[in-house]
Amino acid sequence: MVWTKAKVSLALSLVTVFLGISVADLKVGFYSDTCPQAESIVKRVVSGASLSDPNLPAILLRLHFHDCFVEGCDGSILVDNGAISEKFAFGHEGVRGFEIIEAVKAEVEAACPGVVSCADIVALAARDAISLANGPAYEVPTGRRDGRVSNMSLAKDMPDVSDSIEILKDKFMQKGLHAKELVLLSAAHTIGTTACFFMTKRLYSFLPGGQPDPTINPVFLPELTTRCPQNGDINTRIPMDRFSERLFDKQILHNIKDGFAVLQTDAGLYEDVVTRRIVNSYVGLLNPLFGPSFETDFVKAIVKMGKINVKTGSNGEIRRVCSAFN
Ligand code: HEM
Ligand SMILES: *[C@@H]1O[C@H](CO)[C@@H](O)[C@H](O)[C@H]1NC(C)=O
């Protein structure tokens, strides 16, 4: 074979592509040689802290989503970077759990300094959170590295509670997630709470004249308006999954179908033909016989979410503390 300039550059670009793909792979048990205790430390700290704060699983699950949707799953949301810190973005309103991740990190660093990324700790903590809430157990591919950027303007496209279903589908598609994954991942609202702050529009100014969202079941409306009264305390928190806020199950999809969704975006999943069909595939009459398993599909979706724009290989860094770049 004769090496022409064109062939050399083709070969070089194939090598680059190949390297690009191979380094981008996460794998289950990434730390099994370098820090075999890593996953058990995460689990121990998260379970311990959940005893004193039963809403912690929900907090950690949400943190994983918000981390992944900005700059990829790279722990960027954890960094204190002065006034422009990503964590101060409006789209991250109410996101918490930073100190728990930092506590896990301190223990992991004591066991194996400089090995385990904050980004992986966030992903593992979310997995343990789901399991603490009786949700499905699953293995988390690891090997993420921590990002070197924290800028609130990068979070301006976070999904918002008043986004239309079209916008939501689009924002998920930007991250490589399809309508099915939008439905499955929204069902994470099977655990946790929302501040009344996010309910104001849906309850008191949805339609001209201040009428509420008409998709709210009339039985449910007075419950919501009693718990989140107009001009009441916007910091009051209410469960997002009526009757089952601490259990990770598919009750939320039944609620969405029946008009008992709490968030406007969750309700919106039943107003669109595509996402409605997906909701029904999990909670319709035929599901027990022929339907897909919510738990199996949710696991696939969250593992996929955990791979959004990850930094691997020599990209990024392994932070010493999660709140600061090295
Ligand atoms: C589809 C777009 C989404 C929107 C618009 C949305 C919006 C919200 C809002 C407004 C809250 C209440 C926050 C607060 O008051 O502190 C919330 C809470 C929560 N979200 Fe989402 N979310 C979305 C998707 C997701 C996804 C994909 C996950 C995880 C896979 C998730 C997990 C959670 C959890 C677990 C909570 C409860 C947090 C707590 O109890 O403190 N959300 N979400
Ligand atoms: C943050 O991002 C915005 C928009 O991309 C940019 O204009 C600004 O310079 C960034 N700030 C810092 C300190 O990097």
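In listed order, ligands and their atoms are each counted from 1. All heavy atoms count here, side chains included; hydrogens, waters and symmetry mates do not.
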K.L.:
Can a non-hydrogen atom of Lys171 be found less than 4.0 Å from any atom of ligand 1?
P.N.:
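Outside the 4.0 Å threshold, so no.
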K.L.:
Can you check which of Phe65, Phe172, Phe69 brings a heavy atom nearest to atom 26 (C) of ligand 1?
P.N.:
Phe65
K.L.:
How far is atom 10 (C) of ligand 1 from its nearest protein heavy atom, and which residue and atom is that?
P.N.:
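Answer for atom 10 (C) of ligand 1: Phe198 CG, 3.4 Å.
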K.L.:
How close does the nearest protein non-hydrogen atom get to atom 15 (O) of ligand 1, and which residue and atom is it?
P.N.:
Ala195 N, 2.8 Å
K.L.:
Indicate yes or no: does an N/O atom of Thr265 lie under 3.5 Å from an N/O atom of ligand 1?
P.N.:
no
K.L.:
Identify the closest protein heavy atom to atom 17 (C) of ligand 1: which residue and atom is it, and at what distance?
P.N.:
Arg62 NE, 3.5 Å
K.L.:
Just by distance, with hydrogens left out, do Asp80 and Ser85 show a side-chain donor and acceptor under 3.5 Å apart?
P.N.:
no
K.L.:
Can the ring centres of Phe69 and Phe172 be said to be less than 6.0 Å apart?
P.N.:
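Here the rings of Phe172 and Phe69 have centres that are less than 6.0 Å from each other.
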K.L.:
Which ligand 1 atoms, with their elements, are less than 4.0 angstrom from a heavy-atom of Leu185?
P.N.:
26 (C), 27 (C), 28 (C), 30 (C)
K.L.:
Ignoring hydrogens, just give me the one of Asp241, Thr194, Ile130 whose non-hydrogen atom is nearest atom 12 (C) of ligand 1.
P.N.:
Thr194
K.L.:
Does ligand 1 have any atom sitting under 4.0 Å from a heavy atom of His64?
P.N.:
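For ligand 1, residue contact (heavy atoms, under 4.0 Å) with His64 is absent.
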K.L.:
Which atoms from ligand 1 have a heavy atom of Ile59 less than 4.0 Å away?
P.N.:
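Near Ile59, the atoms of ligand 1 are 41 (O).
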K.L.:
Nearest 0.5 angstrom please: Tyr282 OH to Ile256 CD1, how far?
P.N.:
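Tyr282 atom OH to Ile256 atom CD1 measures 12.5 Å (nearest 0.5 Å).
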K.L.:
Taking the six-membered ring for Trp, are the ring centroids of Phe243 and Phe260 within less than 6.0 Å of each other?
P.N.:
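That pair fails the under 6.0 Å test.
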K.L.:
Please report whether ligand 1 has a polar contact with Thr193, defined as an N or O pair separated by less than 3.5 Å (distance criterion only).
P.N.:
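Yes; the residue has a nitrogen or oxygen that sits under 3.5 Å from a nitrogen or oxygen of the ligand.
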K.L.:
Please determine if Asn55 has a nitrogen or oxygen closer than 3.5 Å to a nitrogen or oxygen of ligand 1.
P.N.:
yes
K.L.:
So, does Lys87 use its side chain to make a donor-acceptor pair with the main chain of Ser76 at under 3.5 Å?
P.N.:
no
K.L.:
With no hydrogens and no angle check, do the side chains of Thr142 and Asp120 hold a donor and an acceptor under 3.5 Å apart?
P.N.:
no
K.L.:
For atom 3 (C) of ligand 2, grab the closest protein heavy atom and report residue, atom and distance to one decimal in Å.
P.N.:
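Atom 3 (C) of ligand 2 sits closest to the protein heavy atom Ser153 OG, 3.3 Å.
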K.L.:
Closest by any non-hydrogen atom to atom 29 (C) of ligand 1: pick that one out of Gly97, Ala188, Ala187, Pro239.
P.N.:
Ala188
K.L.:
Any idea which of Leu269, Val161, Leu263 brings a heavy atom closest to atom 9 (C) of ligand 1?
P.N.:
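The residue whose heavy atom sits nearest atom 9 (C) of ligand 1 is Leu263.
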K.L.:
Tell me the protein heavy atom at minimum distance from atom 35 (C) of ligand 1, and give that distance in Å.
P.N.:
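Closest protein heavy atom to atom 35 (C) of ligand 1: Ala58 O, 3.2 Å.
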K.L.:
Less than 4.0 Å is my threshold; does some heavy atom of Arg237 fall inside it relative to ligand 1?
P.N.:
yes
K.L.:
Nearest protein heavy-atom contact for atom 2 (C) of ligand 1: which residue, which atom, what distance?
P.N.:
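Scanning the protein heavy atoms, the shortest distance from atom 2 (C) of ligand 1 goes to Pro159 CB, 3.6 Å.
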K.L.:
Among all protein heavy atoms, pick out the one at the shortest distance from atom 13 (C) of ligand 2; state its residue, atom name and that distance to 0.1 Å.
P.N.:
Ile84 CD1, 3.4 Å
K.L.:
Please check: side-chain N/O of Asn326 versus main-chain N/O of Arg320, any donor-acceptor pairing under 3.5 Å?
P.N.:
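Yes, the answer is positive, given that a donor and an acceptor are paired below the 3.5 Å cut-off.
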K.L.:
Whether the Glu102 and Ser323 side chains hold a donor-acceptor pair (N or O, under 3.5 Å, no angle test) is what I'd like checked.
P.N.:
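Ser323 and Glu102 do have a side-chain donor-acceptor pair below 3.5 Å.
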K.L.:
When you measure from atom 33 (C) of ligand 1 to every protein heavy atom, which one gives the shortest distance, and what is it?
P.N.:
His189 CD2, 3.4 Å
K.L.:
Where is the nearest protein heavy atom to atom 10 (C) of ligand 2: which residue, which atom, and how far?
P.N.:
Asn151 ND2, 2.5 Å
K.L.:
Compute the shortest N/O to N/O distance between Arg96 and ligand 1 and return yes if it is under 3.5 Å, no if not.
P.N.:
yes
K.L.:
Report the part of Val95 in contact with ligand 1, treating N, CA, C, O as backbone and CB onward as side chain, heavy atoms under 4.0 Å; options are side chain, backbone, both, neither.
P.N.:
neither
K.L.:
So which heavy atom in the protein is nearest atom 37 (C) of ligand 1, and how far is it from that ligand atom?
P.N.:
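The closest heavy atom on the protein side is Met240 CE, 3.4 Å.
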